[in-house]
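Numbers for residues simply follow the sequence, beginning at 1.
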Amino acid sequence: MKQLEKKIFSARKNYEKSSLDEKLVMKNPIEQFEKWFELAVKSNVPEPNTMILSTASRKGKPSARIVLLRKFSDKGFYFYTNYTSRKGKELAENPFAALTFYWQSLEKQIRIEGTIKKQTKEESDIYFASRPYESKIGAWASAQSKPIKNRSEFEKAFSDFEKKFSGTEIPRPPHWGGYVLSPMSIEFWQGRSGRLHDRILYSLKKNVWTTSRLAP
């Protein structure tokens with residue numbers, strides 16, 4: 001344990017791959033996000049659409065987990081999940097959330113905060129239809145976030161739903177669908193040498209985006 005503590009305590013990485021200038025960024029943060037995301041794809045960042053979704057209960061108790069970005073536009077950032085899961089319940093109680101992207105190989109981080117709402121049933125249906133077969137069955141079989149006795153219990157539920165939908169089109173479960181986070185602020189972070197990082201914050205006020213530089 002002492003050796004591990006020593007490694008954690010002394011772990012350092014010097015960031016020196018790029019810089020970020022508020023005079024050179026795009027005026028619209030969605031366009032800046034697209035620029036960075038395209039770079040992540042071209043740079044072969046593993047699963048660049050992986051993001052941390054942070055939510056909080058009505059009383060402010062936070063929780064976070066990794067989900068996948070499935071779409072983004074001027075309207076916001078889209079993902080899908082079980083509405084009855086912990087995150088689904090927290091979003092129903094407190095419709096504010098945060099997303100975090102971290103691409104270590106590029107020394108870049110993006111933090112997004114905003115309000116959450118469900119996508120329309122039609123939008124969720126379209127995405128669900130595109131999912132792989134096992135993912136569709138899994139959405140029916142998993143009572144996400146609820147305790148189960150063992151894995152066998154889940155596997156039996158999966159098998160039961162396979163039999164139920166055998167030979168038929170698998171519909172979207174009513175408890176599963178999409179959300180869209182409408183951003184109120186988006187921060188772009190670029191690692192720099194000596195921990196003197198670049199941080200550019202976009203803030204939405206009266207439907208107009210403004211930028212500012214934050215101290216590292």
Side-chain angles (χ1 to χ4, degrees), residues 5 7-57 60-81 87 90-91 94-117 178-216:
E5 288 179 354
K7 286 183 178 294
I8 294 172
F9 187 79
S10 61
R12 297 287 187 277
K13 174 177 169 54
N14 200 34
Y15 301 102
E16 51 189 15
K17 289 191 174 182
S18 189
S19 62
L20 189 60
D21 190 328
E22 64 268 37
K23 297 176 182 177
L24 300 178
V25 296
M26 310 295 283
K27 291 184 178 180
N28 186 307
I30 304 301
E31 293 177 5
Q32 182 66 33
F33 178 88
E34 181 177 13
K35 182 178 179 180
W36 272 24
F37 195 89
E38 287 181 345
L39 176 61
V41 172
K42 291 178 181 178
S43 302
N44 295 316
V45 171
E47 293 190 288
N49 61 326
T50 298
M51 58 187 185
I52 297 172
L53 168 66
S54 301
T55 58
S57 67
K61 184 179 180 180
S63 63
R65 75 292 290 160
I66 291 175
V67 298
L68 297 177
L69 175 72
R70 286 308 184 191
K71 174 184 172 182
F72 68 91
S73 69
D74 288 335
K75 293 182 179 179
F77 299 83
Y78 298 74
F79 64 94
Y80 297 82
T81 191
K87 55 185 172 296
E90 289 180 350
L91 289 172
N94 182 357
F96 293 92
L99 304 174
T100 305
F101 294 83
Y102 179 55
W103 301 318
Q104 184 178 23
S105 61
L106 299 179
E107 301 173 353
K108 295 181 186 297
Q109 176 182 252
I110 305 173
R111 298 173 59 230
I112 304 166
E113 297 178 5
T115 57
I116 287 272
K117 66 178 181 180
Y179 289 95
V180 56
L181 183 147
S182 300
M184 300 166 63
S185 68
I186 303 180
E187 180 193 322
F188 294 85
W189 178 98
Q190 178 64 58
R192 295 293 302 274
S193 179
R195 295 297 188 268
L196 304 178
H197 311 306
D198 288 326
R199 298 174 63 189
I200 304 300
L201 175 67
Y202 289 80
S203 301
L204 185 63
K205 298 178 181 178
K206 297 182 179 179
N207 294 319
V208 176
W209 287 104
T210 59
T211 60
S212 58
R213 175 175 284 271
L214 303 180

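- The minimum heavy-atom distance between Tyr80 and Gly178, with the atom names listed, is CD2-CA, 3.2 Å.
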Working note: Phe77 + Tyr179, criterion side chain to side chain contact (heavy atoms under 4.5 Å, CB included); need CA distance, chi angles, decisive distance, verdict. CA-CA 8 Å; Phe77 299 83; Tyr179 289 95; over 6 Å; no
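- Between Ser73 and Tyr78, some side-chain heavy-atom pair lies under the 4.5 Å cut-off.
- Interatomic distance, CZ of Arg199 versus OG of Ser212, reported as 9.5 Å (0.5 Å rounding).
- Taking every heavy atom of both residues into account, Glu22 and Val25 meet most closely at O-CG2, 3.4 Å.
- Looking at every heavy atom in both residues, Pro183 comes nearest to Leu204 through O-CD2, 3.7 Å.
- To the nearest 0.5 angstrom, Ile116 atom CD1 is 5.5 Å from Leu91 atom CG.
- Taking the six-membered ring for Trp, Trp189 and Tyr15 have ring centres closer than 6.0 Å.
- Between Leu68 and Arg70 the shortest heavy-atom distance is CD1-NH2, 3.3 Å.
- When every heavy atom of Ser185 is checked against every heavy atom of Leu201, the shortest pair comes out as CB-CD1, 4.1 Å.
- Judged purely by distance below 3.5 Å, without hydrogens or angles, the side chains of Thr81 and Lys87 pair a donor atom with an acceptor atom.
- Considering every non-hydrogen atom in both Leu181 and Ala98, the closest pair reads CD1-N, 4.3 Å.
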Hey, mind stepping through Thr55 and Ser63 against side chain to side chain donor-acceptor pair (under 3.5 Å) and telling me if it holds? CA-CA 6 Å; Thr55 58; Ser63 63; 3.2 Å; yes
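- To the nearest 0.5 angstrom, Lys23 atom NZ is 11.0 Å from Ile200 atom CD1.
- No donor-acceptor pair under 3.5 Å is formed between the side chain of His197 and the backbone N or O of Pro216.
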Check the pair Phe72 / Phe79 against side chain to side chain contact (heavy atoms under 4.5 Å, CB included), numbers first and verdict last. CA-CA 9 Å; Phe72 68 91; Phe79 64 94; over 6 Å; no
Derivation and outcome, ring-ring contact (aromatic ring centres under 6.0 Å, His included), residues Tyr202 and Phe188: CA-CA 8 Å; Tyr202 289 80; Phe188 294 85; 5.6 Å; yes
Enumerate donor-acceptor pairs with a distance under 3.5 Å from any side-chain N or O in residues 39-54 to protein atoms, sequence neighbours excluded.
| residue | atom | partner | partner atom | Å |
| --- | --- | --- | --- | --- |
| Ser43 | OG | Leu39 | O | 2.7 |
| Asn49 | ND2 | Leu69 | O | 3.1 |
| Thr50 | OG1 | Glu47 | O | 3.0 |

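- Looking at Glu107 and Lys13, a side-chain N of the basic residue comes within less than 4.0 Å of a carboxylate O on the acidic one, giving a salt bridge.
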Test Arg213 against Asp198 for side chain to side chain contact (heavy atoms under 4.5 Å, CB included), laying out the working first. CA-CA 8 Å; Arg213 175 175 284 271; Asp198 288 326; 2.8 Å; yes
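- In the displayed structure, Lys35 atom NZ is contacted under 6.0 Å by at most 12 heavy atoms of other residues, nucleotides or ligands.
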Return all side-chain donor-acceptor pairs below 3.5 angstrom for residues 27-34, not counting sequence neighbours, or 'none' if the list is empty.
| residue | atom | partner | partner atom | Å |
| --- | --- | --- | --- | --- |
| Asn28 | OD1 | Ile30 | N | 2.7 |
| Gln32 | OE1 | Met26 | N | 3.0 |

Before giving the answer on side chain to side chain contact (heavy atoms under 4.5 Å, CB included), spell out for Ser19 and Arg192 the whole-Å C-alpha distance, their side-chain angles and the decisive distance to 0.1 Å. CA-CA 7 Å; Ser19 62; Arg192 295 293 302 274; 3.3 Å; yes
Donor-acceptor list for residues 108-115 side chains, cut-off 3.5 Å, not counting sequence neighbours:
| residue | atom | partner | partner atom | Å |
| --- | --- | --- | --- | --- |
| Lys108 | NZ | Gln190 | OE1 | 2.5 |
| Arg111 | NH1 | Glu187 | OE1 | 2.8 |

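- No more than 12 heavy atoms of other residues, nucleotides or ligands lie within 6.0 Å of CD in Gln104, so this atom counts as exposed by the packing criterion.
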